[in-house]
Asker: 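Quick one: the structure is below, questions incoming.
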Amino acid sequence: MFALQFEKMENPILAHSQGFPKSERLCSQKVIKELFSKGSSLFVYPFKILYLPASTLSASAVFPQVMFSVPKKNFKRAVDRNRIKRQCREIYRLCKSHLFSEKKPPQALAIIFVAQKQETFEFLQKKMEKVLEQMP
RNA sequence: AAAACAAGUCGUCUUAUCGCUGUGCCGCAGGGCAUAGAGGAAAGUCCGAGCAACACAGAGUACCAUACUUCCUAACGGGAAGGCAGGAAACUUACCUUUCUUGACAGCCAGUGCCACAGAAAAUUACCGCCCGCAAGGGUAAGGGUGAAAAAGUAGGGUAAGAGCCUACUCGAAACGCAGUCAUGCGUUUUUGGGGUAAACCUUAUGGGUUGAAAGACCAAAUAGGCUAUCGCACGUAGGGCUACUCGCCCGAUGAUAGCGGGUAGGUCGCAUGAGGGUUUGUGCGAACAAACUCCAAGAUAAAUGAUAAGAACGGGUUUUUUAGCAAUAAAAAACCCGUACAGAACUCGGCUUACAGACUUGUUUUUUUU
RNA sequence: GCGAAAGUAGCUCAGCUGGUAGAGCAUCACCUUGCCAAGGUGAGGGUCGCGAGUUCGAAUCUCGUCUUUCGCU
């Protein structure tokens, strides 16, 4: 359903925006540390997000750097954690371009899955859009 | 054919759209195209190695691990075969025997410890009892109840009463002979016969240096409070190192010169050709080994190998229809519903252990049917 | 990735050189009080995380397994 939406897009920068290359992932330990100590947070079940507001220096980026996290405490098996992370990543990849087409993206973003059990794909999709819309 | 047990094999597939990681090619570049991309346990981290760094004169003690025998293996606490002991089944009146299966299976005749309650007594024993004796005292361990366990068991002789005190058989120990590579088995002889517990301390034999890829090497940025080499000084002292300790051994305070360079954050290598896999043949009871041919098959780093949709396949259930049948039921078709496990590489191998929907193969046993 | 500790009553802990499983708080009943609290007396409550083994006998010893916690960078 998202594929149909994006065919109408005219922005040349966002033409290939469904990709999720390495530059859009949050890898630097330094930034992660800063994010968890200074970042603002927001909660909509089952997601908790942390974000750093956009700095003036790196304003050129179209999308923020994102990390996903599923705590080991709630999901013991590596298989379950991997699956949830993959689903979250997929949802974010599909919906990010129409979310950030208007608003200015933050510098860094962390999405944490805090539920105790697994949810369906559609449910996660709705909630993810909601939580990202609420972000200033 | 069904069930049980044991061993082994496999463990969903296809298409569409959108992605991720590695490699190759094209492009000045954004990027594009091609191609490859989880397991039998990748898991637990329980053993054994490779590899790396540090330590390396050596000896003893301590500590840790292992423990029937022979073999396999790079090695092992793994595996194979055999022995012994226990269990089950078949056969049998019963034993024997056969098959399957389980076993941390060295040593309590080296020493020390422990054995609740009950019981006279729990290990050089003595309450009641029995016997001798007037008595004092002595000799006994047949009988008694307890207990998980009571000083080899049964029968006979013997005696004051008794006792391996003696005899026969059985069990156990030692020596010798024979068979076997060995564990051990069989036979003979001997006088020998005083529980259990080493998953109690321990003894004996064998083995073990420590730390783990977050090991370690290199690159650029950055530069000392550290390190190395040479010379000097000097009491080889203070102190430090070599495994926890002892002996013993080694280094060794400060000054000068030269070189290297820590923390922090990042990149490259380590890092995917290896005690590798597959097939065939040969050797061996077997684990396994040898030869020939052939194949190259993930390499991430907050961590790729996916998400969504549709369909197929397989298995199970329900309903309906048809066929066979008196019936129970069986077979086929259609529709609907449910299920498709355990689980995700993190340096690499060899094992072990644990988890696992379901399907298949082989062997053994039992039951039923047919011949 | 590598390594270590713990699991016992509803809760916090003893018992762990093998021999009947205990304390405090909590719960319930009674006494005391006009009533409540405190106090006193008594009672109930345990697959000793789970599964095997050694032993006559296991919370304790050994092995496997599950869960929780902690350390190393």
Side-chain angles (χ1 to χ4, degrees):
Chain A
M1 60 174 115
F2 288 106
L4 291 170
Q5 283 182 6
F6 294 134
E7 279 175 14
K8 299 169 190 168
M9 288 268 185
E10 293 171 5
N11 192 335
I13 306 171
L14 298 178
H16 302 288
S17 59
Q18 284 194 319
F20 190 50
K22 192 107 188 217
S23 57
E24 287 181 27
R25 294 186 216 174
L26 183 55
C27 298
S28 167
Q29 254 184 15
K30 211 169 174 180
V31 179
I32 292 166
K33 228 174 189 172
E34 200 183 335
L35 175 61
F36 275 86
S37 57
K38 296 183 188 168
S40 317
S41 71
L42 200 69
F43 176 74
V44 173
Y45 179 85
F47 295 109
K48 179 179 183 176
I49 63 167
L50 287 164
Y51 59 93
L52 276 179
S55 62
T56 48
L57 295 171
S58 61
S60 57
V62 181
F63 299 111
Q65 285 194 314
V66 185
M67 65 177 288
F68 298 88
S69 179
V70 181
K72 200 173 185 178
K73 201 162 189 175
N74 296 346
F75 297 93
K76 293 288 171 199
R77 306 289 175 198
V79 174
D80 302 331
R81 288 200 302 275
N82 278 350
R83 186 178 156 77
I84 291 165
K85 274 161 91 172
R86 279 165 180 163
Q87 284 184 327
C88 290
R89 202 155 45 209
E90 192 70 10
I91 292 162
Y92 174 80
R93 184 175 69 76
L94 291 171
C95 74
K96 66 176 180 177
S97 57
H98 79 97
L99 271 171
F100 292 114
S101 56
E102 290 165 11
K103 68 170 73 169
K104 197 179 180 194
Q107 188 194 353
L109 184 67
I111 298 174
I112 304 163
F113 187 83
V114 292
Q116 299 282 328
K117 57 173 190 199
Q118 293 198 38
E119 300 282 359
T120 58
F121 189 77
E122 288 83 11
F123 179 82
L124 294 179
Q125 213 167 31
K126 265 197 297 189
K127 294 292 184 178
M128 174 81 81
E129 286 188 53
K130 198 171 170 189
V131 73
L132 291 176
E133 274 166 17
Q134 282 186 8
M135 190 174 64

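Residue numbers start from 1 in every chain, and the chains themselves are labelled A, B, ... in the order their sequence lines are given, proteins ahead of strands. Values below: all heavy atoms of this structure, side chains included; hydrogens, waters and symmetry mates excluded.
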Asker: Are A:Q87 and B:U308 close enough that a side-chain N or O sits under 4.0 Å from OP1 or OP2?
Answerer: yes
Asker: Within the sub-3.5 Å range, which N or O atoms of nucleotides 338-343 of chain B have a protein N or O partner, and how far apart are they?
Answerer:
from: B:A343; atom 1: OP1; to: A:R77; atom 2: NH2; distance (Å): 3.4

Asker: Under a 3.5 Å cut-off for both contacts, is B:A302 paired Watson-Crick or G-U wobble with anything, and if yes, with which nucleotide?
Answerer: none
Asker: Under the side-chain hydrogen bond (donor to acceptor under 3.5 Å, both in side chains) test, which residues partner A:E90, sequence neighbours left out?
Answerer: A:R93
Asker: Give A:R89 one of three labels, base, sugar-phosphate or nothing, depending on what nucleic acid heavy atoms sit under 4.0 Å from its own.
Answerer: sugar-phosphate
Asker: Using the C1' atom on both, measure C:C56 against C:U68 and round to a whole Å.
Answerer: 37 Å
Asker: List the residues meeting side-chain contact (heavy atoms from CB on, under 4.5 Å) with A:D80, not counting sequence neighbours, and say none if there are none.
Answerer: A:F75, A:R77, A:Q118
Asker: If we take the C1' atom in both B:A7 and B:A310, what is their distance in whole Å?
Answerer: 42 Å
Asker: Taking B:C47 as the reference, what is the distance to B:C182 when you measure between their P atoms (whole Å, please)?
Answerer: 37 Å
Asker: Watson-Crick or G-U wobble partner for B:G193, using a 3.5 Å limit on both distances?
Answerer: B:C171
Asker: Please tell me if the side chains of A:L132 and A:M128 come closer than 4.5 Å, counting only heavy atoms from C-beta onward.
Answerer: yes
Asker: Quote, to the nearest angstrom, the C1' distance that separates B:U99 from B:A65.
Answerer: 38 Å
Asker: In Å, rounded to the nearest 0.5 Å, how long is the span from CD of A:Q134 to NZ of A:K130?
Answerer: 6.5 Å
Asker: Pairing check on B:U204: which nucleotide meets the Watson-Crick or G-U wobble criteria with it, both distances under 3.5 Å?
Answerer: B:A67
Asker: B:C54 and B:A213: how far apart are their C1' atoms, nearest whole angstrom?
Answerer: 16 Å
Asker: Identify the nucleotide, in any strand shown, that forms a Watson-Crick or G-U wobble pair with B:G19, with both distances under 3.5 Å; if there is none, say none.
Answerer: none
Asker: Tell me, please, which residues at least two apart from A:F43 pass side-chain contact (heavy atoms from CB on, under 4.5 Å).
Answerer: A:Y45, A:K48, A:V114
Asker: B:A307 phosphate, OP1 or OP2: any side-chain N/O from A:R83 under 4.0 angstrom?
Answerer: yes
Asker: State the pairing partner of B:C178; accept Watson-Crick or G-U wobble contacts with both distances under 3.5 Å, and report none otherwise.
Answerer: B:G185
Asker: Just how large is the angle between the end axes of the helix from B:A313-B:U340 to B:A324-B:U329, five pairs per end, to 10 degrees?
Answerer: 10°
Asker: Can you give the dot-bracket line for RNA chain C, where a pair is Watson-Crick or G-U wobble with both atom distances under 3.5 Å, crossing pairs use [ ], and | marks a partner on another strand?
Answerer: (((((((..((((.....[..)))).(((((.......))))).....(((((..]....)))))))))))).
